[in-house]
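Working notes, beginning with the structure itself.
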Protein chains: 2
Amino acid sequence: MQPARRITLTDDVYAAVQALIMDHEVQPGARINIDALARRLAVSPTPVREALARLESDGLVSKTPLVGYAATPLLTRAQFEELVEMRLVLEPAAAAKAAGAGLDAVELAGLRGAADLPGPDGPDAIAAFTAQDARFHHTLAELSGNRMLHDAVVRLRAHLHLFRLHFPTAHYGVSASEHHRIVDAVGAADADAAAEATRAHLTAARDRHLPFFESR
Amino acid sequence: MQPARRITLTDDVYAAVQALIMDHEVQPGARINIDALARRLAVSPTPVREALARLESDGLVSKTPLVGYAATPLLTRAQFEELVEMRLVLEPAAAAKAAGAGLDAVELAGLRGAADLPGPDGPDAIAAFTAQDARFHHTLAELSGNRMLHDAVVRLRAHLHLFRLHFPTAHYGVSASEHHRIVDAVGAADADAAAEATRAHLTAARDRHLPFFESR
DNA sequence: CGATCAAAGATCCTATAGGATTTGCAGGCG
DNA sequence: CGCCTGCAAATCCTATAGGATCTTTGATCG
């Protein structure tokens with residue numbers, strides 16, 4: 001049995017700062033004061049610095065020497081296109097591998113459960129939607145059986161999450177049916193269909209998000 | 001003109017530790033003492049700790065709380081297979097995008113120059129071979145025009161480099177012709193041929209490396 | 001002879017203090 | 001009126017010291 005309690009402050013700080021950025025409590029592009037953050041979290045600057053170094057690798061903050069850290073600015077349209085391209089490379093491949101992996105009933109049920117998305121009711125509907133959508137794509141990547149592939153997908157999700165929360169007009173319910181098409185193909189062990197369904201979902205999602213860039 | 005002098009110790013330490021691991025001056029799996037490393041590099045533990053945090057994100061070291069850091073152990077056969085799978089997802093896509101990007105003569109010449117590989121003569125022939133091979137795949141990923149794709153490929157190279165140096169029987173000259181097939185396809189702006197040539201190269205390289213696992 | 005327990009050593013983790021650098025603003029000059 | 005120079009404040013960066021934890025070694029008991 002593990003202690004279940006966090007042992008290192010660094011991990012706590014890492015999670016806290018990640019949440020801060022994800023929830024836009026610190027605006028994109030805003031500078032991050034190490035000392036202030038340390039006081040706010042009631043820890044010393046050292047673990048803060050360590051956590052920020054890890055977050056820099058994840059691309060959530062950027063560091064300029066002798067100046068400080070800053071939250072990564074919002075994605076430009078070009079970067080967004082790159083992100084979609086990258087997802088189109090990774091996620092169809094993950095879906096295909098999951099389809100060919102011979103999943104058992106439990107794994108398939110878990111994926112199917114993650115495919116459903118919450119409706120537009122309730123508080124924090126946007127956050128709930130985003131979290132559940134992330135869970136589905138995470139699970140799909142995990143079921144590919146390739147850990148490196150999974151990690152790469154998770155890495156990208158951070159950026160997408162960041163982007164979406166800032167343009168909160170999510171499209172409830174639209175993605176769910178597309179998700180289920182993917183699940184069905186995976187369940188049928190049809191690798192080509194799974195990849196194709198994933199491609200269709202990603203391009204559709206891309207087109208849904210694209211209008212947000214018109215206003216900038 | 002840049003100061004050319006080190007601005008942050010952390011970056012220097014990061015590079016130094018990376019080199020230490022890449023050159024196997026610290027054995028895979030060996031523990032890394034923070035204080036000893038700080039003394040060796042003549043810096044304080046703080047920047048060392050910061051650099052190690054970044055290296056952990058890169059997967060070159062692993063941390064166990066209250067115990068310390070350790071160099072990542074050698075790839076198991078399963079992990080090696082995963083790595084190849086991952087490369088088969090990323091690099092053909094990168095080659096295809098490079099082929100469709102309409103490269104100018106300068107860029108194409110740079111890629112062609114990187115495709116040649118040094119012969120088995122001279123000191124540090126293995127290191128030279130590995131470095132040049134890395135440079136080719138690096139350049140190819142960069143010419144895809146997608147920064148995220150490029151970063152992902154670079155991230156994987158670290159692991160492969162680690163693996164190869166430990167099994168130093170490289171296959172000089174074999175890869176070069178395969179490299180040139182890729183360059184030709186990219187130069188002809190034939191995306192499908194570029195992807196296929198890259199796939200062929202990667203699977204061939206995989207088969208060349210596979211025998212090393214028999215003896216373990 | 002093997003296993004268990006205890007204590008010493010080493011190491012990591014955290015906190016605090018001082019030096020160096022950048023940034024912002026005020027004042028003077030062209 | 002605009003631009004530049006100098007100063008002050010804030011911030012980051014580095015170094016050092018102390019507390020907590022794990023690992024290891026040695027001795028003792030079954």
Side-chain angles (χ1 to χ4, degrees), chain A residues 1-21 25-73, chain B residues 1-21 25-73:
Chain A
M1 59 191 105
Q2 70 261 14
R5 205 177 54 195
R6 295 227 180 282
I7 307 179
T8 55
L9 288 183
T10 300
D11 292 339
D12 286 347
V13 174
Y14 177 82
V17 176
Q18 192 177 36
L20 247 56
I21 295 178
E25 268 187 65
V26 293
Q27 290 293 326
R31 289 181 51 179
I32 297 177
N33 188 315
I34 292 180
D35 292 336
L37 191 61
R39 282 194 301 273
R40 178 172 176 177
L41 298 175
V43 296
S44 79
T46 306
V48 173
R49 178 175 294 275
E50 201 167 335
L52 285 174
R54 282 173 55 187
L55 286 167
E56 192 194 7
S57 264
D58 296 347
L60 280 180
V61 301
S62 63
K63 168 185 151 188
T64 29
L66 301 178
V67 172
Y69 286 92
T72 299
Chain B
M1 59 193 98
Q2 70 264 13
R5 208 177 49 195
R6 56 164 139 291
I7 305 180
T8 54
L9 288 183
T10 300
D11 292 339
D12 287 349
V13 174
Y14 177 82
V17 176
Q18 192 177 38
L20 245 57
I21 296 178
E25 265 187 69
V26 294
Q27 290 293 325
R31 288 181 51 181
I32 297 177
N33 186 316
I34 294 182
D35 291 337
L37 191 60
R39 282 195 301 273
R40 178 172 175 177
L41 298 175
V43 296
S44 81
T46 306
V48 172
R49 178 176 294 277
E50 201 168 334
L52 285 175
R54 283 172 55 187
L55 285 166
E56 192 193 10
S57 265
D58 296 348
L60 280 180
V61 302
S62 64
K63 168 186 149 185
T64 26
L66 299 178
V67 172
Y69 287 91
T72 299

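Letters go in sequence order (proteins before strands), and every chain restarts at 1. In what follows, every heavy atom counts, from backbone to side chain, and hydrogens, waters and symmetry copies are set aside.
Helix-axis bend for the helix from C:dC1-D:dG30 to C:dG30-D:dC1: the local axis fitted to the five terminal pairs at one end deviates from that at the other end by 20°, rounded to 10°.
Residue B:Leu9 contributes atom CG, which lies 8 Å from atom C1' of D:dC13 at whole-angstrom precision. Between the CD atom of B:Glu50 and the P atom of D:dC12 there is a distance of 12 Å, rounded to whole Å. Computed from coordinates, the B:Leu41 CG to D:dC13 P distance equals 18 Å when rounded to whole Å.
The structure places CG of B:Leu52 at 10.5 Å from OG of B:Ser62, a figure rounded to the nearest 0.5 Å. Taking CG from B:Asn33 and OH from B:Tyr69, the interatomic distance works out to 13.0 Å, rounded to the nearest 0.5 Å. Atom CD1 of residue B:Ile34 and atom CZ of residue B:Arg49 lie 4.0 Å apart, to the nearest 0.5 angstrom. Note that the CD1 atom of A:Ile21 and the OG1 atom of A:Thr72 stand 6.5 Å from one another [nearest 0.5 Å]. With rounding to the nearest 0.5 Å, the separation of CD1 in B:Ile32 from CG in B:Leu55 is 8.0 Å.
The shortest side-chain heavy-atom distance between B:Leu37 and B:Leu20 falls under the 4.5 Å cut-off.
Remark: side-chain polar atoms of A:Arg54 are not paired, donor with acceptor, to backbone N or O of B:Glu56 under 3.5 angstrom.
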Protein-nucleotides 8-12 of chain C N/O pairs closer than 3.5 Å?
| from | atom 1 | to | atom 2 | distance (Å) |
| --- | --- | --- | --- | --- |
| C:dT11 | OP1 | B:Asn33 | ND2 | 3.1 |
| C:dT11 | O5' | B:Asn33 | ND2 | 3.3 |
| C:dC12 | OP1 | B:Ile32 | O | 3.4 |
| C:dC12 | OP1 | B:Ile34 | N | 3.2 |
| C:dC12 | OP2 | B:Asn33 | OD1 | 3.3 |

Practice item. Take B:Arg31 and B:Val67 through the test side chain to side chain contact (heavy atoms under 4.5 Å, CB included) and record every step on the way to the result. Key: CA-CA 9 Å; B:Arg31 288 181 51 181; B:Val67 172; 4.1 Å; yes
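The B:Ser44 side chain lies nearest to D:dA15 when the options are D:dC13, D:dA15, C:dA15.
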